[in-house]
Amino acid sequence: MGIALHRGQEIDLTVDSLAFGGRGVARHGELVVFVSRALPGDRVRARVTKLKRRHAEARTIEVLEPGPGRVPARCAHFGVCGGCSWQNLEYAEQVRHKAAQVDDALRRLGRIEIELEPIVPAVEQYGYRNKLEYSWARGHDGPSLGFHRAGRWDELVPVETCHIASAAGNDVRRAFERWAREVDLRVYDGATGEGYLRHLVVREGAHTGQLLAMLVTAPGPVPEVERLQAIVPEGVVGVAHAVNPGVGEATAGLDARSLFGADRYEELVGGLRLAVTAGAFMQTNTVMSERLYELAIEYADLRPSDVAWDLYCGAGAIGLLAAAGAGRVFGIEIAEESVARARENAERNGISNIEFVTGDVAKSVAPLLERAPRPDVVFVDPPRAGLTPKAVKRLLELAPERIVYVSCNPTTLAPNARALLDAGYALERARPVDMFPHTPHIECVALLRRATTGSDPNVAGDHAHHSRATASST
């Protein structure tokens, strides 16, 4: 078992791989050690921060020998800011590890053997995010905007430039900082409940150049609105104001009112012109979301007679794109604001064969099925927690021929896929898509097809004619 460890002990480790979530994986004797700020091939000195029966956790304090994929990070805030934890890993290596993590999750957590299709790398590695959520902090020059310090929710790091935001998005942040300093506003203090400024959300149309900002504050009117309007960059089509009266940090689910300009911006996605408000859901990498949606539509193999359901539809992008190839489309989404935008987007794009319903997927499928045709294909794009057991049950009750699963978390895709395989589906195709360079996050599109009656989808020979996925013996 090796030498016993204790918390605070410093040990030298050689990192073998990356775990899901981005930490390095090393061994101390037979004990697995998850090491933050360590990359494959690194030899590091690390301090033990946590001990458990089967593994330990440690934090790198010195890189003794860098691994072959380590590169200089572009950002001056790297390692302090809580984002972009892989910025010091060569991009080709990032992509390789992300694909390996999807494969590992399917095999280990789903007991599924499948040959993944090649990962789709990101077109742009920097400047790709169309949405940034900043927190206000007290800086040397007055109110400043930034992000939480890595591993801490009570400390903020003001940023000069965020490299995954566009130049225009950075300019919007700087304009708000200038305004707040000129007006001499106070930053909200969570410990005392005093102060005013809390968050700033900046959203951008990558293909239109339009920007929308939402200022989140403690209760109280926004001062000097005319001054703010005078200094925001030209591309800003509108600024909204939302109040968070509570102690907890939040930017979603707040009622926002327009301070000036429009209450939405426009974006072009896959030939659609979409309206997006401050709180409506949209994938945060526009260019790669188009590739993601193309794959989802390709996997669905839609026919004019098909009925398609789009569960967790957000502002409706997948369903609206599917409407061109299907006979009828129905979307379900729990967020009212997103459903309102989905309906508006259907109208503005002249799409009449689609209907959107507000509701929880687990509770809304049965009522919709009472009046809508049973689907031939179902798209699911759930949050990171994946499909709940009730949502899986509802999906199986719909019994579509094809399920296209758009996942933002392979560790929940895997058990969800296993549940569907156990119920008679076969996993035909799966392909990772990198939407978030320099972070451990990875999307994946998967196609599951209902096996023919009498076949066992968990036995390779029974469905080899249409699937490469089998149940693993491990």
Chemist: Would you say CD of E336 has more than 12 non-hydrogen atoms from neighbouring residues, nucleotides or ligands within 6.0 angstrom?
Modeler: no
Chemist: Examine distances only and state if a side-chain atom of S258 and a backbone atom of G261 form a donor-acceptor pair shorter than 3.5 Å.
Modeler: yes
Chemist: Should V287 and Y128 count as side-chain neighbours, where that means a heavy-atom distance under 4.5 Å?
Modeler: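 In short, these two side chains do not touch, never coming nearer than 4.5 Å.
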Chemist: How many angstroms lie between OH in Y299 and CD in E428, if you round to the nearest 0.5 Å?
Modeler: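 Reported value, rounded in 0.5 Å steps: 10.0 Å.
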Chemist: Run R402 and D306 through salt bridge (Lys or Arg N to Asp or Glu O under 4.0 Å) and show every step you take.
Modeler: CA-CA 11 Å; R402 287 150 285 157; D306 280 341; 3.2 Å; yes
Chemist: Any ion pair linking R27 and D16 (charged N to carboxylate O, less than 4.0 Å)?
Modeler: no
Chemist: side-chain contact (heavy atoms from CB on, under 4.5 Å) between E298 and R429: does it pass, once the steps are laid out?
Modeler: CA-CA 11 Å; E298 175 191 328; R429 302 175 66 181; 2.8 Å; yes
Chemist: Quick check: do L132 and R173 have side-chain heavy atoms less than 4.5 Å from each other?
Modeler: no
Chemist: Taking all non-hydrogen atoms of both residues, which atom of P440 and which atom of Q101 are closest, and how far apart?
Modeler: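 Where P440 meets Q101 most closely, the heavy atoms are O-OE1, 4.2 Å.
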Chemist: If the threshold is 4.0 Å, N to carboxylate O, is there a salt bridge linking E267 and K131?
Modeler: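 Salt bridge between E267 and K131, a charged N being under 4.0 Å from a carboxylate O: no.
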Chemist: Do R203's NZ or CZ and the ring of Y265 fall within the cation-pi criteria of under 6.0 Å and 45°?
Modeler: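 R203 over Y265 ring: no.
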Chemist: With a 4.5 Å cut-off on side-chain heavy atoms, are W309 and V380 touching?
Modeler: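 Sidechains of W309 and V380: no contact.
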Chemist: For the CD atom on E397, are there more than 12 heavy atoms of other groups (residues, nucleotides or ligands in this structure) within a distance under 6.0 Å?
Modeler: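 Counting other residues, nucleotides and ligands, CD of E397 exceeds 12 neighbours.
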Chemist: Can you check whether L116 reaches L106 side chain to side chain, under 4.5 Å on heavy atoms?
Modeler: yes
Chemist: Identify the two heavy atoms, one from V329 and one from A323, that lie closest to each other, and give their separation to 0.1 Å.
Modeler: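 Closest approach of V329 to A323: CG2-CA, 3.8 Å.
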Chemist: About how many Å separate CG of L272 and CG of L321, when rounded to the nearest 0.5 Å?
Modeler: 4.5 Å
Chemist: Is a salt bridge present between R303 and D376, judged by a nitrogen-to-oxygen distance below 4.0 Å?
Modeler: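 Judged by the 4.0 Å cut-off on N to carboxylate O distance, R303 and D376 do not form a salt bridge.
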Chemist: P40 versus E93: any side-chain heavy-atom pair under 4.5 Å?
Modeler: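 Answer no - side chains too far apart.
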Chemist: Spell out, as yes or no, whether a donor-acceptor pair under 3.5 Å connects the side chain of N353 to the backbone of A326.
Modeler: yes
Chemist: ring-ring contact (aromatic ring centres under 6.0 Å, His included) with F147: which of W136, F78, Y134?
Modeler: Y134
Chemist: Taking atom CD of E133 and atom CE of M214, what is their separation to the nearest 0.5 Å?
Modeler: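 It is 7.5 Å, given to the nearest 0.5 Å.
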Chemist: State, with a plain yes or no, whether a side-chain heavy atom of V71 is found less than 4.5 Å away from one of Y91.
Modeler: no
Chemist: Of all the heavy-atom pairs spanning T412 and A385, show the shortest one and how long it is.
Modeler: CG2-O, 3.4 Å
Chemist: What is the minimum heavy-atom distance between N345 and A275, and which atoms define it?
Modeler: OD1-N, 2.7 Å
Chemist: Side chains of Q94 and H438: do they bring a donor and an acceptor to under 3.5 Å?
Modeler: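 Note: Q94 and H438 side chains meet the donor-acceptor criterion.
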Chemist: Are L387 and L311 side-chain neighbours, meaning at least one heavy-atom pair lies under 4.5 Å?
Modeler: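 Contact flag for L387/L311 side chains = no.
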Chemist: Determine whether the side chains of T217 and H241 contain a donor N or O and an acceptor N or O closer than 3.5 Å.
Modeler: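 There is such a pair between these side chains.
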Chemist: Is it true that E333 and R341 have a side-chain N and a carboxylate O under 4.0 angstrom from each other?
Modeler: no
Chemist: Please give me the minimum heavy-atom distance between A315 and F281, naming the atom from each residue.
Modeler: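 Nearest heavy atoms, A315 then F281: CB-O, 3.5 Å.
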Chemist: With a 4.0 Å cut-off on N to O distance, would you call D434 and K98 a salt bridge?
Modeler: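 So D434 pairs with K98 through a salt bridge.
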Chemist: Could you go through the side-chain contact (heavy atoms from CB on, under 4.5 Å) check for L274 and L320 one step at a time?
Modeler: CA-CA 10 Å; L274 305 179; L320 292 167; 4.1 Å; yes
Chemist: For C75, is there any backbone N or O sitting under 3.5 Å from a side-chain donor or acceptor partner on Q87?
Modeler: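 Indeed, once roles are kept as given, a pair shorter than 3.5 Å links the two residues.
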Chemist: Answer yes or no: is there a side-chain heavy-atom contact under 4.5 Å between R273 and E266?
Modeler: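 Of all side-chain heavy-atom pairs linking E266 with R273, at least one is under 4.5 Å.
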Chemist: Output the distance between atom CD (E355) and atom CG (L368), rounded to the nearest 0.5 Å.
Modeler: 6.5 Å
Chemist: Hey, what do you get for SG (C84) to NE2 (H77), rounding to the nearest 0.5 Å?
Modeler: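 Between atom SG of C84 and atom NE2 of H77 there are 11.0 Å.
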Chemist: R374 side chain to P400 main-chain N or O, any donor-acceptor pair under 3.5 Å?
Modeler: no
Chemist: Look at the side chain of N170 and the backbone N and O of C162, then say whether any donor-acceptor pair between them is shorter than 3.5 Å.
Modeler: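 Pair found, side chain donor or acceptor close to backbone of C162.
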Chemist: Could you please spell out the steps behind the side-chain contact (heavy atoms from CB on, under 4.5 Å) verdict for R37 and R59?
Modeler: CA-CA 7 Å; R37 299 188 183 182; R59 181 181 180 86; 2.6 Å; yes
Chemist: Hey, does the Lys NZ or Arg CZ of R343 hover above the aromatic six-ring of F356, less than 6.0 Å from the centre and inside 45° of the axis?
Modeler: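 No, R343 does not sit over the ring of F356.
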Chemist: Using side-chain contact (heavy atoms from CB on, under 4.5 Å), reason through F176 and V232 one step at a time and then give a plain yes or no.
Modeler: CA-CA 7 Å; F176 271 83; V232 294; 4.2 Å; yes
Chemist: Take atom CD of E124 as the centre, draw a 6.0 Å sphere, and report whether it contains more than 12 heavy atoms from other residues, nucleotides or ligands.
Modeler: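 No, the 6.0 Å shell around CD holds no more than 12 heavy atoms from other groups.
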Chemist: What's the separation between atom CD in E57 and atom NZ in K50, rounded to the nearest 0.5 Å?
Modeler: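 If we round to the nearest 0.5 Å, E57:CD and K50:NZ are 4.5 Å apart.
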Chemist: For A58 and V33, which heavy atoms make the closest approach, and how far apart are they?
Modeler: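 So the minimum-distance heavy-atom pair works out to CB-CG1, 3.9 Å.
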Chemist: For atom CZ of R384, decide whether the heavy atoms of other residues, nucleotides or ligands shown that lie under 6.0 angstrom number more than 12.
Modeler: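 More than 12 within 6.0 Å, yes.
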Chemist: Which residue, R264, E344, E337, forms the side-chain hydrogen bond (donor to acceptor under 3.5 Å, both in side chains) with T277?
Modeler: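 So, applying the side-chain hydrogen bond (donor to acceptor under 3.5 Å, both in side chains) to T277 and each of R264, E344, E337, only E337 qualifies.
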Chemist: Short question: side chain of D104, backbone of R108 - any donor-acceptor pair under 3.5 Å?
Modeler: no
Chemist: For Y188, does its backbone N or O pair with a side-chain atom of R198 as donor and acceptor, under 3.5 Å?
Modeler: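 Such a contact is absent between R198 side chain and Y188 backbone.
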